[in-house]
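Okay, structure first, notes after.
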Amino acid sequence: MDWTVEQRPGFATRVKVDLQKEFWVLLRSDAHWDNPDSNRKLMKEHLEEAKKRKAAVIDFGDLFCAMQGKYDRRSDKAKVRPEHQTGQYLDKLVETAIDWHEPYAHLWIGQYFGNHETSILAHHETCLITRLAEGLRERTQAPFPVIGYSGFIKFEFRNNRRCGCVLWGIHGYGGGGPVTKDMIQRARQQQYIDADIMCSGHTHDQFTTPDMRIGVTKQGRLQKKRLTYIKLPSYKDEYKLGAGGYHVEKGRPPKPIGAMWLRFFEHGSTQTNRLKWEVREALK
């Protein structure tokens, strides 16, 4: 691939990229890969497109749904795929996830934890994300970096000059809100996080907001700095046609399905070119 990934304790995950015109990253969250309501077909289409583009992938947690275990009060036998209907439910989730994600493991530059994975860790003392990463590393020799529930990724682009971009991600928390759609948490996070790009999932909403800040460079020059916030949707369709189910009974609306693309590129002349980025919806 056209990048390398480096992780050190106490440092941001560093991704060094040889920027050739453009560099794409597939941003996804809340895949709930093992749930029958998850759109695996669309998920696979996006990952295949990432391979064609030589793109990287960042997953912001809840890759697993993992709600159908023996002691989970939310469990519903209708929500278990046939291959997971076994007495070793959690083990089977990991085994099949390794098989399914193997062709794409080398694309991953960041895997976050979601609340579904941390819940399994808290109640069953096993970490699905760590086990998935270990299995994929052993089988493919891909780095498959595991970041945490939140964390920074620092992109360093090398072409005819060195430039960089800092991304901060968190899986998310809270209910989001039918009106505010998690904009309140976005505003709170922006008060204490210093990054160029901020991403979160969890509420299955989707939006992108551009913000501008003004500051001073090391040389004392005034400059405007762009901040992009990206709220990521899910691959899981809980609403369907609205005929019934937990999601409908609680008065929750249909949610967008899919993922987002982050495209980095250089803009301007050879002397003045600057790193730019844009966000696009991954097509369905």
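Remember, predicted model here, so these are calculated numbers, not experimental data. In this chain, numbering begins with 1 at the start of the sequence shown.
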Stepwise side chain to side chain contact (heavy atoms under 4.5 Å, CB included) check, R28 with V57
CA-CA 8 Å; R28 38 170 270 170; V57 175; 4.1 Å; yes

Pair K52-E48, salt bridge (charged side-chain N to carboxylate O under 4.0 Å, His left out): steps then yes or no:
CA-CA 6 Å; K52 292 177 181 177; E48 287 293 333; over 6 Å; no

Decide yes or no on side chain to side chain contact (heavy atoms under 4.5 Å, CB included) for L19 and L275, but give the supporting numbers first.
CA-CA 10 Å; L19 185 61; L275 180 70; 4.2 Å; yes

Give, for atom [atom1] of [X] and atom [atom2] of [Y], the distance between the pair rounded to the nearest 0.5 Å.
{"X": "I129", "Y": "E117", "atom1": "CD1", "atom2": "CD", "value": "4.0 Å"}
{"X": "Q111", "Y": "T13", "atom1": "CD", "atom2": "OG1", "value": "12.0 Å"}
{"X": "R40", "Y": "D34", "atom1": "CZ", "atom2": "CG", "value": "7.5 Å"}
{"X": "L128", "Y": "H116", "atom1": "CG", "atom2": "NE2", "value": "11.5 Å"}
{"X": "F64", "Y": "H32", "atom1": "CZ", "atom2": "NE2", "value": "12.5 Å"}
{"X": "S150", "Y": "Q189", "atom1": "OG", "atom2": "CD", "value": "9.0 Å"}

Just wondering, do [Y] and [X] contact through their side chains at under 4.5 Å, heavy atoms?
{"X": "F152", "Y": "L167", "result": "no"}
{"X": "Y229", "Y": "Q190", "result": "yes"}
{"X": "M67", "Y": "K79", "result": "no"}
{"X": "D196", "Y": "W168", "result": "no"}
{"X": "T130", "Y": "E134", "result": "yes"}
{"X": "I230", "Y": "M198", "result": "no"}
{"X": "F23", "Y": "W3", "result": "yes"}
{"X": "L132", "Y": "F144", "result": "yes"}

Considering the options I58, T208, I197, T228, which one meets the side-chain contact (heavy atoms from CB on, under 4.5 Å) requirement together with L262?
I197

More than 12 heavy atoms of other residues, nucleotides or ligands under 6.0 Å from [atom1] of [X]: yes or no?
{"X": "L241", "atom1": "CG", "value": "no"}
{"X": "E138", "atom1": "CD", "value": "no"}
{"X": "I184", "atom1": "CD1", "value": "no"}

What pair of heavy atoms forms the shortest contact from [X] to [Y], and how long is it?
{"X": "L26", "Y": "A259", "answer": "CD1-CB, 4.0 Å"}
{"X": "P36", "Y": "V80", "answer": "CG-N, 4.0 Å"}
{"X": "P256", "Y": "P233", "answer": "O-CB, 3.5 Å"}
{"X": "I109", "Y": "A56", "answer": "CD1-CB, 3.6 Å"}
{"X": "R188", "Y": "Y192", "answer": "O-CD2, 3.3 Å"}
{"X": "Y104", "Y": "W108", "answer": "O-CE3, 3.4 Å"}

For residues [X] and [Y]: do they belong to one hydrophobic cluster (side chain heavy atoms under 4.5 Å, members Ile, Leu, Val, Met, Phe, Trp, Tyr)?
{"X": "L232", "Y": "Y173", "answer": "yes"}
{"X": "L42", "Y": "Y239", "answer": "no"}
{"X": "F207", "Y": "V179", "answer": "no"}

[X]/[Y] ion pair, N-O < 4.0 Å:
{"X": "E238", "Y": "K236", "value": "yes"}
{"X": "E49", "Y": "R53", "value": "yes"}
{"X": "R131", "Y": "D91", "value": "yes"}
{"X": "E156", "Y": "K154", "value": "yes"}

Give a yes-or-no answer on whether the side chains of [X] and [Y] include a donor-acceptor pair shorter than 3.5 Å.
{"X": "H46", "Y": "Y235", "answer": "yes"}
{"X": "K231", "Y": "S200", "answer": "yes"}
{"X": "Q68", "Y": "S75", "answer": "no"}
{"X": "T96", "Y": "H84", "answer": "yes"}

Are the side chain of D182 and the backbone N or O of Q185 linked by a donor-acceptor pair below 3.5 Å?
no

Check whether any side-chain N or O of H124 sits under 3.5 Å from a backbone N or O of I120 as a donor-acceptor pair, and report yes or no.
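Checking the backbone N and O of I120 against the side chain of H124, no donor-acceptor pair under 3.5 Å is found.
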
Do [X] and [Y] meet the cation-pi criteria used here (NZ or CZ under 6.0 Å from the six-membered ring centre, within 45° of the axis)?
{"X": "K44", "Y": "W100", "answer": "yes"}
{"X": "R263", "Y": "F265", "answer": "yes"}
{"X": "R280", "Y": "W261", "answer": "no"}

Verify salt bridge (charged side-chain N to carboxylate O under 4.0 Å, His left out) between D99 and R139, making sure each step is shown before the conclusion.
CA-CA 10 Å; D99 292 339; R139 190 177 294 184; 2.6 Å; yes

Could you walk me through whether L121 and E125 pass the side chain to side chain contact (heavy atoms under 4.5 Å, CB included) check?
CA-CA 5 Å; L121 179 59; E125 300 180 323; 5.7 Å; no

Step through it carefully: locate the ring centre of W33, locate the ring centre of H101, and say whether they are under 6.0 Å apart.
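Ring centres of H101 and W33 closer than 6.0 Å.
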
Are the aromatic rings of Y112 and Y149 close, with centres under 6.0 Å apart?
no

Between F155 and F157, what is the ring plane arrangement, given parallel below 30°, perpendicular above 60°, and tilted in between?
parallel

Going through the checks in order, is the salt bridge (charged side-chain N to carboxylate O under 4.0 Å, His left out) test met by D194 and K225?
CA-CA 11 Å; D194 182 14; K225 185 178 179 181; 3.5 Å; yes

Apply salt bridge (charged side-chain N to carboxylate O under 4.0 Å, His left out) to the pair E95 and K92, showing each step before the final yes or no.
CA-CA 5 Å; E95 291 172 11; K92 204 65 177 177; 3.7 Å; yes

Dump the intermediate steps for side chain to side chain contact (heavy atoms under 4.5 Å, CB included) on V146 and R137, then the final yes or no.
CA-CA 11 Å; V146 174; R137 288 170 191 155; 3.9 Å; yes

Contacts of type side chain to side chain contact (heavy atoms under 4.5 Å, CB included), residue H202, not counting sequence neighbours
N115, H171

